Undergrad: 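Take this structure first; my questions come after.
In what follows, chains carry the letters A, B, and so on, assigned in the order in which the sequence lines appear, proteins first and then strands, with residues in each chain numbered from 1. These numbers come from a predicted model, not from an experiment.
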Amino acid sequence: MAVVKKSEDAGRKSIIRYRFLMLFTLLGLIIVLFILIPLAKVVFLSDKESLWQAFIDPTTINSILLTLGAALITTAIGFIFGVPLAYMLARYDFPLKSVVEGLIDLPIVVPHTAAGIALLFVFGRNYLLGKWFGAVGVQFVDSLAGIVIAMLFVSVPFLIDSAKEGFKKVDVRLENVSRTLGASPWQVFYRVTFPLAWRSILAGNLMMWARGISEFGAIVILAYYPMVTPTLIYQRFESYGLSKAIPVAAILILVCAFIFIGVRTLLHSRQKDD
Amino acid sequence: MAVVKKSEDAGRKSIIRYRFLMLFTLLGLIIVLFILIPLAKVVFLSDKESLWQAFIDPTTINSILLTLGAALITTAIGFIFGVPLAYMLARYDFPLKSVVEGLIDLPIVVPHTAAGIALLFVFGRNYLLGKWFGAVGVQFVDSLAGIVIAMLFVSVPFLIDSAKEGFKKVDVRLENVSRTLGASPWQVFYRVTFPLAWRSILAGNLMMWARGISEFGAIVILAYYPMVTPTLIYQRFESYGLSKAIPVAAILILVCAFIFIGVRTLLHSRQKDD
Amino acid sequence: MISLKSVRVEFRRFALQDISLELETGDYFMLVGPTGAGKTLLMETIAGLHPVKSGEIWIEGRDVTRLEPEKRHIGMVYQDCALLPHLSVAENIVFGLKVRRVANGEIKRKLAEIVSIIKVEHLLERKPGKLSGGEKQKVALARALATSPRLLLLDEPLSSLDPESREMLQQELKRLHRELGITVIHITHDFDEALLLGKHIAVIGEGGIRQAGTPEEVFRRPSSEFVARFTRMRNIFAGKISGQTGDGSVFRTDGMELVTTSRKTGATHACIRPDDIDISTSLASHPAPNSFIGTITRIDEVGMAYHIFVNVPPEVCCLVTRRSFREMGLTVGKKVQIHFAPDSVHIF
Amino acid sequence: MISLKSVRVEFRRFALQDISLELETGDYFMLVGPTGAGKTLLMETIAGLHPVKSGEIWIEGRDVTRLEPEKRHIGMVYQDCALLPHLSVAENIVFGLKVRRVANGEIKRKLAEIVSIIKVEHLLERKPGKLSGGEKQKVALARALATSPRLLLLDEPLSSLDPESREMLQQELKRLHRELGITVIHITHDFDEALLLGKHIAVIGEGGIRQAGTPEEVFRRPSSEFVARFTRMRNIFAGKISGQTGDGSVFRTDGMELVTTSRKTGATHACIRPDDIDISTSLASHPAPNSFIGTITRIDEVGMAYHIFVNVPPEVCCLVTRRSFREMGLTVGKKVQIHFAPDSVHIF
């Protein structure tokens, strides 16, 4: 009885299991294809000739350099202001801490055009900070500074979250031991905590960079000109139609995908180290 | 010697410590204010009268209902296709898994207008899927379906990531024990894994909803009409200037902030339970 | 009868090879080995949670090697209990009956029965998060037993408990095994626990089973240095057989000639348990076999006794009770005589 | 001298109250208590890592209560060693010297000195991730000692090691303490470890210090039921003093009258260690004090000995070595006589 029963059981079971997992695989596959096909089609199936034309077109090149550069400046600013905040959030308790944490993440869900409006309402020529900065010659409307401000607003949560997680993963007892060995809190930060959280911070920086490059809604309100690539794509689409927009979109998607692969490689190799 | 030395030491130390943390606090405060001031100003300092006017304006109301509804449909679709994928990613190894994981997250960094272009290139009237769906009467350009497609593309990573983390946090040994107690893999999923990951999945759904509401760049390319609120804000700004855009932006920011508070409350109370 | 025949299993970069075990129905089988020896992997393999690369697993005359875990009728208890945190204690206990679609009346009857065996009435409504370590283990046991398994697998059920709960649960396990007559495989890294509970013991290490047998066999007659060290034999001497006696042999090690009742040829190690060695302060003038004079080099207090290290040379570790220790007034540097019976000398 | 004066400290929802301790320079002080008793919190408080709510901490004649940790000259070793994973072993060891800006030549000299005391030469270039548990502990010790601390705090340094590494490290700790004469506070949940290593012992539990003294005092003369239970006294009987003898008193408990040399008035508990009880199979006809006849109800194998439970009543637990056990042929149900000296009966 034993052998026959066994093979029956095993056979039946694995079909049931197969059916359940097959449905899941099928459903999952649909969403994977839904994301894959548009991206792959834009990058691989667009007209090679117009892709090349777009690539050597100085307008495209300049706008891509502007976008990458602005996002890089944004990331540097985010690093200076965001990493200390991430450290404070990871290590210290203070009143309203959870409110601050919520506030920091809010830009991820705030509609981008609404964010642009809100920024303009503060940094516009006739408003609060816009006036102050205007007095020292910095203006945000239709300027690089405006692009940076818009990018910073929507992308800084990614850096802060990643850095915070990185700091949190550093065992407090490593810091405790370092203190007893004679290190001041500042020495503990730069000799222990920061080096150990470095990969997460770097990944957060890259993520922030990529997110900055991708922004459109907030930038288009604050600074239509100089034209960042997402705006250029929109303008090409509006003025000349889909076929002129595709090559620029393809190039930008490739740039972001490469940065993003860098983020994942960083985070992945960190997990292996652990 | 002891007492004097001690107080000297302690005094000096705490000033140094204070200085280092004070700098960090200051830097952090700047970024907090940078996010807080624009949002608070739009919501609290905009003209109460025009806020009310916007609120009772049928165009605004309809667009907000459209936006919330479209995002809700998107979230439902994301749930059906995304949760099974998240489960597969959390529990099984398969070839190219890390590629799939990377692909799923890619929409977060793909520039929104480029995403819109890519989607149009696939779902447009004259393109691949657009033709197929067009044959059965579904069209994506300037339609609710287009809005949903655009929202789905940019927001589904948030659900998948959150659900995946939720599934991963469920101890495999709980599933193992359930198997030995006689539960089939499907029973284990719906009696053990899903209930235990439920909060993370719900939080992911809310996050996805909020992200859907916030989208502009992809939607504006795929479906300028019917007008979702982020588009309405842009259109008001372009046509009538900042003052007409502010009230709509304020309302939308409030809606997103409330959903977002829900997400954080959910995730926060889960951590307490652990 | 449960048997494993040359089972090979791999998990991540770890592999267990050529695992063969056989245990009678109703046995209390202790699987003991150091941390990282793959004990949990082996248990999960028996439960059907890892695919077997080669070999076979038989339970009660049935080849279950490829059977799904839910068909094996095995109860399993993890070290941290793995109670389902979203269910109450009662729901946890009847979980196995629910998923097997047992009728409600029968579930109630079974719950009452289990609760009458394992006293957890007062916990039934609670969530697992509100239980103490010992209570969790009892609930996990009740849950595993509720489905009347043919085999109960316990993975270090006592390791994370405080001494008092541990002792309580040891007695509970003894009682359950006696009353229910169920076959148990109990995994532990604690050899004392294995001695206390096991009818049979297998020592696992270095990727496979090193020795299996009764507690007495494994404890007194280890078959390898690995087992001897793991069972804290302490006095392990390398050397070789140098001659024969009427009913045994003579084993020569650096500095001592040991008389043993064993005749095993080719032995390269001799070992003597510290508690088999007599120590006395009166130094006999005439030399007897297995009688040596040495100097105390170290005294360690070990719970209710002392380890006395006597340098003959080599250094020999002897166990002395607190009372004898006080009576003899042993101190470091003192000369003493040690003696042990030939049947206490085990060679391998 | 290190002293804690009525220290109160809170961390999250946990508080330690009225902690007073005093230890001489050069002491090896064991702080022992069950899991969750706040041992690590107390250690971190001594190191200056938690603010003290009230009370004072003095180290070598200096009030350090409000002093920053980096000024206290304390070496600390956590259970999991807390080695800095991004630094090599050598860099870990000299970390304390680096941050104190010691000159490079002096750092080299100090590293060589430490390495000559704690043998870790072969590990210097490795990263902590590549070390075994025992090696990690040695490196953590070396790192703590490199800055020549006035006090060494050890938090369960041996708990996560396998028995062999544990024993090796116990000897290492003994040797280091002997050679360097450093003051050590060693935290453990294992009372046997406390007996083995400690010159003095304090038992911590229920939010405070329960008893402190020499190992012998704590082990044989517990001051409370908590300590008696924690030290596995086993035979603890409630009752009261019923009379006086020439040099002691008589303690009456349910079923037995115990003669003790103690005269403590108002005692409510008597206790006897299992290893202080003699067991014999020959039943004496004339009744002697502290001599009772009973039936064996249970036999537990505990490592190198047996626990014999004799029901007088009450049930009394006696320790018997393997040898005596075999010689007397004890079995469950057998009638035996137990006896213990009056000075083995401790009342509190």
Undergrad: Report yes if the side chains of Ile31(A) and Ile77(B) come closer than 4.5 Å at any heavy-atom pair, otherwise no.
TA: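 A side-chain contact under 4.5 Å is absent here.
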Undergrad: Of the backbone (N, CA, C, O) and the side chain (C-beta and beyond), which part of Phe34(B) lies under 4.5 Å from a heavy atom of chain A, both, or neither?
TA: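 Phe34(B) touches chain A through backbone and side-chain heavy atoms alike.
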Undergrad: Taking every heavy-atom pair that is under 4.5 Å apart, which of Leu242(B), Leu232(B), Leu252(B) has the most such pairs with chain A?
TA: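 Top count of heavy-atom pairs under 4.5 Å with chain A: Leu242(B).
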Undergrad: Verify the neighbour count for atom CZ of Phe194(A): are there more than 12 heavy atoms of other residues, nucleotides or ligands below 6.0 Å?
TA: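 Yes, enclosed.
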Undergrad: With a 4.5 angstrom heavy-atom cut-off, is it the side chain or the backbone of Val156(B) that approaches chain A, or both, or neither?
TA: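 Just the side chain, heavy atoms under 4.5 Å.
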Undergrad: Return the minimal non-hydrogen interatomic distance between Cys256(B) and Val109(A), and the atom names on each side.
TA: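 Minimum heavy-atom contact is SG-O, 3.4 Å.
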Undergrad: With a 4.5 Å cut-off on side-chain heavy atoms, are Phe24(B) and Trp186(A) touching?
TA: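 In contact.
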Undergrad: Please classify the contact of Phe94(B) with chain A as side chain, backbone, both or neither, using a heavy-atom distance under 4.5 Å.
TA: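 When you check distances to chain A, no heavy atom of Phe94(B) falls under 4.5 Å.
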Undergrad: Could you give me the CA-CA distance, side-chain angles and deciding distance for Glu238(B) and Ile221(A), then say whether side-chain contact (heavy atoms from CB on, under 4.5 Å) is met?
TA: CA-CA 8 Å; Glu238(B) 287 288 282; Ile221(A) 285 182; over 6 Å; no
Undergrad: Is Phe121(B) in contact with chain A via its backbone, its side chain, both, or neither, using a 4.5 Å heavy-atom distance?
TA: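 Its backbone and side chain both get close to chain A.
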Undergrad: Return the option, out of Ala115(A), Pro111(A), Ala114(A), with the maximum number of heavy-atom pairs under 4.5 Å with chain B.
TA: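 Of Ala115(A), Pro111(A), Ala114(A), Pro111(A) has the most heavy-atom pairs under 4.5 Å with chain B.
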Undergrad: Which one of Trp209(A), Tyr224(A), Tyr127(A) has the most heavy-atom pairs closer than 4.5 Å to chain B?
TA: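 Most heavy-atom pairs within the cutoff with chain B belong to Tyr127(A).
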Undergrad: Taking atom NZ as the centre, does Lys244(A) end up with more than 12 heavy-atom neighbours from other residues, nucleotides or ligands that are less than 6.0 angstrom away?
TA: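 No, not enclosed.
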Undergrad: Any non-hydrogen side-chain atom of Phe237(A) less than 4.5 Å from a side-chain atom of Val220(B)?
TA: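 With C-beta onward as the side chain, the pair stays apart.
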Undergrad: Taking all atoms of both residues into account, what is the closest heavy-atom pair of Leu27(B) and Phe81(A), and its distance?
TA: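 Closest heavy-atom pair between Leu27(B) and Phe81(A): O-CD2, 3.4 Å.
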Undergrad: Please classify the contact between Val100(B) and chain A as side chain, backbone, both or neither, with a heavy-atom cut-off of under 4.5 Å.
TA: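 Just its side chain gets close to chain A.
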Undergrad: Between Thr67(B), Leu39(B), Ile80(B), which has the largest tally of heavy atom pairs under 4.5 Å with chain A?
TA: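 Result: the option with the highest number of such pairs is Leu39(B).
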Undergrad: At their closest point, which heavy atom of Ile35(A) faces which heavy atom of Leu103(B), and how far apart are they?
TA: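 Result for this residue pair: CG2-O, 3.6 Å.
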Undergrad: Hey, what's the ring geometry for Phe20(A) with Phe189(B), parallel, tilted or perpendicular (30° and 60° as the breaks)?
TA: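 Ring orientation, 0 to 90° scale: tilted.
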Undergrad: Below 4.5 Å from any heavy atom of chain A, which atoms of Ile259(B) appear? Answer side chain, backbone, both or neither.
TA: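 The answer is neither part of Ile259(B).
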Undergrad: For chain A, which of Ala250(B), Gly102(B), Ala210(B) has the most heavy-atom pairs under 4.5 Å?
TA: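 Looking at each of Ala250(B), Gly102(B), Ala210(B) in turn, Gly102(B) comes out on top.
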Undergrad: Which answer fits Leu152(B), side chain, backbone, both or neither, if we ask what part of it has an atom under 4.5 Å from a heavy atom of chain A?
TA: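 Contact with chain A involves both backbone and side-chain atoms of Leu152(B).
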Undergrad: Mind checking the CG-CZ spacing from Leu21(A) to Arg91(B)? Nearest 0.5 Å is all I need.
TA: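 Rounded to the nearest 0.5 Å, the CG-CZ separation comes to 12.5 Å.
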Undergrad: Check whether Pro230(B) gets within reach of chain A through its side chain, its backbone, both or neither, counting any heavy atom under 4.5 Å.
TA: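 When you check distances to chain A, atoms from both the backbone and side chain of Pro230(B) fall under 4.5 Å.
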Undergrad: Hey, which of Ile160(B), Leu120(B), Thr229(B) has the most heavy atom pairs under 4.5 Å with chain A?
TA: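 The candidate making the most pairs under 4.5 Å is Leu120(B).
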Undergrad: Minimum heavy-atom separation for Leu119(B) and Pro38(A), please, with both atom names.
TA: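 That closest heavy-atom pairing would be CD2-CG, 3.8 Å.
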Undergrad: For Phe260(B), is it the side chain, the backbone, both or neither that has a heavy atom under 4.5 Å from a heavy atom of chain A?
TA: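 For Phe260(B), the side chain is the part near chain A, not the backbone.
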Undergrad: What part of Ile149(B) is in contact with chain A, defined as an atom under 4.5 angstrom from a non-hydrogen atom: side chain, backbone, both or neither?
TA: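 Contact with chain A: backbone and side chain both.
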Undergrad: Starting at CZ of Arg211(A), measure out to CD1 of Ile108(B) and round the result to the nearest 0.5 Å.
TA: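 Answer for the CZ-CD1 pair, Arg211(A) versus Ile108(B), is 9.5 Å.
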Undergrad: Below 4.5 Å, heavy-atom pairs only: which of Ile233(A), Ile104(A), Val83(A) has the largest tally toward chain B?
TA: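 Of the candidates given, the most pairs with chain B belong to Ile233(A).
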Undergrad: For chain B, which candidate among Ala249(A), Ala118(A), Gly28(A), Ser98(A) shows the most heavy-atom pairs at distances under 4.5 Å?
TA: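 Among Ala249(A), Ala118(A), Gly28(A), Ser98(A), the one with the most close pairs to chain B is Ala118(A).
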Undergrad: Among Leu106(A), Val248(A), Val32(A), Leu26(A), single out the residue with the greatest number of heavy-atom pairs under 4.5 Å to chain B.
TA: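 Most heavy-atom pairs under 4.5 Å with chain B: Leu106(A).
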Undergrad: Of all of Leu129(A), Asp105(A), Ile253(A), which one pairs up most often with chain B through heavy atoms under 4.5 Å apart?
TA: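 Among Leu129(A), Asp105(A), Ile253(A), the one with the most close pairs to chain B is Asp105(A).
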Undergrad: Between Ile117(B) and Ala245(A), which heavy-atom pair has the shortest distance, and what is it?
TA: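 Heavy-atom minimum between the residues: CD1-CB, 3.4 Å.
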Undergrad: Determine the interplanar angle of the His112(A) and His112(B) rings, folded into 0 to 90°, and report it as parallel if under 30°, tilted if 30 to 60°, perpendicular if over 60°.
TA: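 Because their plane-to-plane angle is under 30°, the rings of His112(A) and His112(B) count as parallel.
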Undergrad: For Phe216(B) and Gly217(A), work out which heavy atoms get closest and say how close.
TA: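 Nearest pair, atom of Phe216(B) first, then Gly217(A): CD2-CA, 3.5 Å.
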